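The block underneath contains the structure these notes are about, expressed in structure tokens.
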Amino acid sequence: MLLFETVREMGHEQVLFCHGKNPEIKAIIAIHDTTLGPAMGATRLLPYVNEEAALKDALRLSRGMTYKAACANIPAGGGKAVIIANPENKTDDLLRAYGRFVDSLNGRFITGQDVNITPGDVRTISQETKHVVGVSEKSGGPAPITSLGVFLGIKAAVESRWQSKRLDGMKVAVQGLGNVGKNLCRHLHEHDVKLFVSDVDPVKAEEAKRLFGATIVEPAEIYSLDVDIFAPCALGGILNSHTIPFLKASIIAGAANNQLENEQLHSQMLAKKGILYSPDYVINAGGLINVYNEMIGYDEEKAFKQVHNIYDTLLAIFDISKQQGITTNDAAKRLAEDRIQSGKRNRTKAIAA
Ligand SMILES: NC(=O)C1=CN([C@@H]2O[C@H](COP(=O)(O)OP(=O)(O)OC[C@H]3O[C@@H](n4cnc5c(N)ncnc54)[C@H](O)[C@@H]3O)[C@@H](O)[C@H]2O)C=CC1
Ligand SMILES: O=C(O)CCC(=O)C(=O)O
């Protein structure tokens with residue numbers, strides 16, 4: 001990968017490579033754009049296959065956060081961090097060392113909990129920096145509100161696709177039954193949706209079967225199910241040239257970040273198959289909305305009102321896509337980039353005044 005060339009093309013402001021020997025730490029903090037506010041984005045910890053994969057994840061996830069904040073009208077920029085480690089090797093020392101790197105950015109980057117990082121881990125990180133979110137119990141953590149946003153996004157997609165406000169009787173496949181996927185299943189079950197679920201952890205799949213009457217399928221089978229909606233709630237890159245040909249669902253609407261392996265190519269492949277794709281960073285903005293509100297002083301009513309906007313924002317994006325004959329991914333990107341440009345203009349005016 002041509003490092004500076006990639007960073008320039010993707011528009012990042014700063015990429016911090018965090019390295020230390022005692023404890024051994026390898027992490028990357030990517031700050032994409034701070035036009036609309038400090039870069040917000042949670043930290044994930046994964047044993048990446050190689051360093052390039054980790055960097056790619058950090059760069060794409062942080063750009064997604066910029067677009068997420070802009071589409072959700074949250075005055076924040078986009079950032080994200082990845083710690084390259086096996087979850088079994090996660091120690092308090094490692095988390096605190098990471099916290100010191102976050103602190104060195106003096107609030108330009110504010111972070112929270114993503115894959116393999118728990119609220120308890122964020123509390124450990126907070127021993128070294130105050131620039132964290134998601135430690136307060138007040139808001140109940142980001143996942144419940146993220147799943148509510150995804151549920152509302154599914155309703156918007158159903159309305160756009162079939163001009164219907166009803167979900168009962170629909171078949172939905174949920175991939176990944178973690179914090180978000182499980183809560184999403186609960187919402188869908190309450191609306192009499194027929195659930196098909198997969199998780200690499202069989203205990204989680206069994207729980208969904210018991211709680212929501214879901215049908216368990218093998219992880220590889222989830223793509224080819226004859227369902228109305230596919231909700232990816234595990235990891236990214238799952239919409240790709242291998243999986244898209246198998247898809248039978250008419251709508252993709254789920255929480256996972258970076259669902260499209262290649263944004264241009266795979267959003268077009270979905271559009272050509274007549275599948276309505278709900279851009280991930282729009283539909284999964286609930287977590288950001290929650291942690292942002294927590295940071296400024298949690299007001300549940302306000303946070304819920306903002307998460308309900310996801311429904312209207314998605315309808316607007318679907319309309320732009322139809323009217324302008326562009327993919328929903330491009331329509332969302334345009335909305336985000338317009339808001340960032342207008343933020344830049346306002347900032348220039350304020351400096352000149
Ligand atoms: N937690 C939140 O508020 C937000 C989460 N997201 C994204 O949503 C996704 C899910 O987040 P969480 O539920 O918090 O994570 P989680 O780590 O609690 O759950 C992920 C689940 O996916 C399962 N999984 C992993 N690979 C799988 C595969 N190949 N097939 C089936 N299941 C698989 C895991 O076993 C786990 O149960 C992630 O991509 C995350 O970045 C996005 C916005 C906010
Ligand atoms: O939890 C956070 O810090 C912001 C939300 C986030 O990272 C995400 O939506 O992926």
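Just so you know, these numbers come straight off a predicted model, no measurement behind them. Along the sequence shown, residues are numbered consecutively beginning with 1. First listed ligand is number 1; within each ligand, the first listed atom is number 1.
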- Starting from atom 40 (C) of ligand 1, locate the nearest protein heavy atom and write down its residue, its atom name and how far away it is, to 0.1 Å. Asp114 OD1, 3.7 Å
- Would you find more than 12 non-hydrogen atoms of other residues, nucleotides or ligands less than 6.0 Å from Glu337 atom CD? yes
- So, Asp280 versus Asn258: side-chain donor-acceptor pair below 3.5 Å or not? no
- Query: Of the protein's non-hydrogen atoms, which lies at the shortest distance from atom 37 (O) of ligand 1, and what is that distance?
  - Reply: Asp199 OD2, 2.7 Å
- For ligand 2, is any non-hydrogen atom under 4.0 Å from Val133's backbone (N, CA, C, O), its side chain (CB onward), both, or neither? side chain
- Note on the structure: Judged by heavy atoms only, the candidate from Pro202, Gly286, Ala255 nearest atom 42 (C) of ligand 1 is Ala255
- ligand 2 contact by Gly134, heavy-atom criterion under 4.0 angstrom: no
- Message: Taking atom NZ as the centre, does Lys209 end up with more than 12 heavy-atom neighbours from other residues, nucleotides or ligands that are less than 6.0 angstrom away?
- Response: no
- Task: For the pair His242 and Tyr223, evaluate ring-ring contact (aromatic ring centres under 6.0 Å, His included) and give the outcome as yes or no after the intermediate values.
- Result: CA-CA 10 Å; His242 304 290; Tyr223 303 104; over 10 Å; no
- Test of proximity, Lys68 against ligand 2: N or O pairs below 3.5 Å: yes
- Note on the structure: Residue, atom and distance of the protein heavy atom nearest atom 4 (C) of ligand 2 read Val291 CG2, 3.7 Å
- Taking Ile310 as the fixed residue, which of Asp312, Thr313, Leu314 is the one that meets the side chain to side chain contact (heavy atoms under 4.5 Å, CB included) rule? Leu314
- Message: Quick check: Ala42 and ligand 2, any N/O pair under 3.5 Å apart?
- Response: yes
- Using distance alone, decide if ligand 1 has a nitrogen or oxygen within less than 3.5 Å of any nitrogen or oxygen in Asp201. no
- Message: Can you report which non-hydrogen protein atom sits closest to atom 11 (O) of ligand 1, along with the distance?
- Response: Val180 CG2, 3.9 Å
- Side chain proximity check, Val82 to Thr43, heavy atoms < 4.5 angstrom: no
- Task: Would you mind checking which non-hydrogen protein atom is closest to atom 17 (O) of ligand 1, with the distance to 0.1 Å?
- Result: Val115 CG1, 4.3 Å
- Query: Heavy-atom count around Phe246 CZ within 6.0 Å, excluding the residue itself: above 12?
  - Reply: no
- Query: What protein heavy atom is closest to atom 38 (C) of ligand 1, reported as residue, atom name and distance in Å?
  - Reply: Ala234 O, 3.1 Å
- Met10 vs Arg60, side-chain contact (heavy atoms from CB on, under 4.5 Å): CA-CA, chis, key distance, verdict: CA-CA 8 Å; Met10 291 183 73; Arg60 278 199 69 192; 4.0 Å; yes
- Proximity to ligand 2 by part of Lys80, non-hydrogen separation under 4.0 Å: side chain
- Message: Applying a heavy-atom cut-off of 4.0 Å, say which part of Asn257 lies close to ligand 2: side chain, backbone, both or neither.
- Response: side chain
- Item | Exam field: side chain His191 to backbone Leu167, donor-acceptor pair closer than 3.5 Å | no
- Query: Measuring from the heavy atoms of Arg44, does anything fall under 4.0 Å of ligand 1?
  - Reply: yes
- Message: Checking side-chain polar atoms at under 3.5 Å, does Tyr277 have a donor or acceptor matched by the opposite partner on Asn329?
- Response: no
- Message: Quick check on contacts: which atoms of ligand 2 are under 4.0 angstrom from a heavy atom of Met65?
- Response: 4 (C), 5 (C), 6 (C), 7 (O), 8 (C), 9 (O), 10 (O)
- Over 12 non-hydrogen atoms of neighbours within 6.0 angstrom of CZ in Arg186: yes
- Query: Would one find an N or O of Lys68, backbone or side chain, under 3.5 Å from an N or O of ligand 1?
  - Reply: no
- Check whether Tyr292 and Tyr298 end up in the same hydrophobic cluster, where Ile, Leu, Val, Met, Phe, Trp and Tyr are linked by side-chain heavy atoms less than 4.5 Å apart. yes
- Item | Option with minimal heavy-atom separation from atom 19 (O) of ligand 1, where the choices are Gly287, Gly178, Pro232, Gly254 | Gly178
- Heavy-atom proximity to atom 4 (C) of ligand 1, best of Asn116, Thr146, Ile145: Thr146
- Task: Find all atoms of ligand 1 within a distance of less than 4.0 Å from any non-hydrogen atom belonging to Lys204, and give their numbers and elements.
- Result: 36 (C), 37 (O)
- Message: Just checking Glu52: does its CD atom have more than 12 heavy atoms from other residues, nucleotides or ligands closer to it than 6.0 angstrom?
- Response: no
- Hey, can you tell me if His12 and His32 have their rings parallel, tilted or perpendicular (30° and 60° cut-offs)? perpendicular
- Which of the ligand 1 atoms, numbered from 1, are nearer than 4.0 Å to a heavy atom of Pro142: 3 (O)
- Query: Is the shortest N/O to N/O distance between Asn284 and ligand 1 below 3.5 Å?
  - Reply: no
- Item | ligand 2 atoms in contact with Gly112 (distance to a heavy atom under 4.0 Å) | 3 (O)
- So the atoms of ligand 1 within less than 4.0 Å of a heavy atom of Asn179 turn out to be 13 (O), 14 (O), 18 (O)
- Task: Step through the shown structure and confirm whether more than 12 heavy atoms of other residues, nucleotides or ligands are within 6.0 Å of NZ on Lys248.
- Result: yes
- Query: Under 4.0 Å from any heavy atom of Ala143, which atoms of ligand 1 are there?
  - Reply: 3 (O)
- Query: Are more than 12 heavy atoms from other residues, nucleotides or ligands located less than 6.0 Å from atom CD of Glu88?
  - Reply: no
- Which residue and non-hydrogen atom of the protein lie closest to atom 10 (C) of ligand 1, and at what distance in Å? Cys233 O, 3.3 Å
- Which protein non-hydrogen atom lies closest to atom 28 (C) of ligand 1, naming both residue and atom, and how far is it? Val200 CG1, 3.7 Å
